[in-house]
Each structure stands twice: as structure tokens, then as C-alpha cells.
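Comments concern the structure below.
One-based numbering along the sequence shown.
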Amino acid sequence: MSTHRSTPPAGPDDDAADLVDFAVDLTSQEMLRRAQVMAALGPDWDPVEVLRGEEEAYDLLYSGLDAEQQRTYDALVAAGVLPLRGGGRAAA
């Protein structure tokens, strides 16, 4: 049985009457953080181009595999660890 209580018991010698509700709203801080991230990315940041670059990098990563590497890649695809790329062959 847990001894944790969400509210301390009130007793004659207890300072429970002195407890106050404490809450912090971080909404404004989160909005500031997001604005700073977007400012750091700059006006030339193109998320679609970034995704294209990642796809090209993955294609390059899985290209030119030897037979053993291809078998390992195929096993990882079959297990659902990696997505199928290039029509079933990593080198495509």
C-alpha cells in the first residue's frame, strides 16, 4: 500500500491551512520558444526541400549494397523496421 497522499491530512498542529494552489502557465514561454526556432531557421528555410534532401540521403545510404547487406536490408523491411524503398530493391 502506498503511503503517498495527494492532500496532507489536516490536524490541530498541521499547517494545511497555509497551503495554496500553485500553477504555472508556460503557454507564453512555448510560443516564444517556437518563434525563436523559426527565427533561427531563417526566411529561406523550405521544409519540402529538407524532406526531399532526406529522401535523397536515404536513397544514397541504401544504394550499392552487396548481397549480404541487401539480405539484411530485406529482412529489416520485412520486419517493418525500415520502409520499402525503390520498388523492393535498396539500390534503386
Side-chain angles (χ1 to χ4, degrees):
M1 187 85 167
S2 174
T3 59
H4 174 76
R5 294 182 182 164
S6 60
T7 306
D13 297 328
D14 195 359
D15 291 332
D18 295 337
L19 294 179
V20 295
D21 188 24
F22 182 75
V24 177
D25 183 7
L26 297 176
T27 305
S28 63
Q29 290 296 322
E30 178 61 14
M31 293 306 295
L32 178 62
R33 183 193 68 80
R34 289 180 185 189
Q36 290 172 339
V37 166
M38 294 307 293
L41 289 172
D44 297 330
W45 180 65
D46 182 4
V48 174
E49 186 60 34
V50 170
L51 289 175
R52 278 192 202 116
E54 287 182 8
E55 288 297 317
E56 290 173 9
Y58 279 119
D59 290 342
L60 184 59
L61 177 66
Y62 296 116
S63 67
L65 302 179
D66 63 25
E68 182 180 347
Q69 292 168 331
Q70 185 66 49
R71 280 192 302 277
T72 302
Y73 171 82
D74 293 339
L76 291 172
V77 168
V81 176
L82 293 175
L84 182 63
R85 305 186 74 78
R89 300 301 292 172

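Under the 4.5 Å side-chain heavy-atom criterion for Ile, Leu, Val, Met, Phe, Trp and Tyr, Tyr58 and Val50 are members of distinct hydrophobic clusters. Cluster annotation: Val24 is not connected to Leu32 through the hydrophobic network of ILVMFWY side chains, with a link wherever side-chain heavy atoms come within less than 4.5 Å.
The minimum heavy-atom distance between Leu82 and Tyr73, with the atom names listed, is CD1-CD1, 3.8 Å.
By the 4.0 Å N-to-carboxylate-O rule, Glu68 lies too far from Arg71 to be salt-bridged with it. Residues Glu55 and Arg52 are not paired through a salt bridge, judged by the lack of any N-O separation under 4.0 Å between the basic side chain and the carboxylate.
Counting only distance, with no hydrogens or angles, the side chain of Gln69 and the backbone of Asp66 share a donor-acceptor pair below 3.5 Å.
A distance of 9.0 Å separates CG of Leu84 from CG of Asp74, quoted to the nearest 0.5 Å.
The shortest side-chain heavy-atom distance between Leu60 and Glu56 does not fall under the 4.5 Å cut-off.
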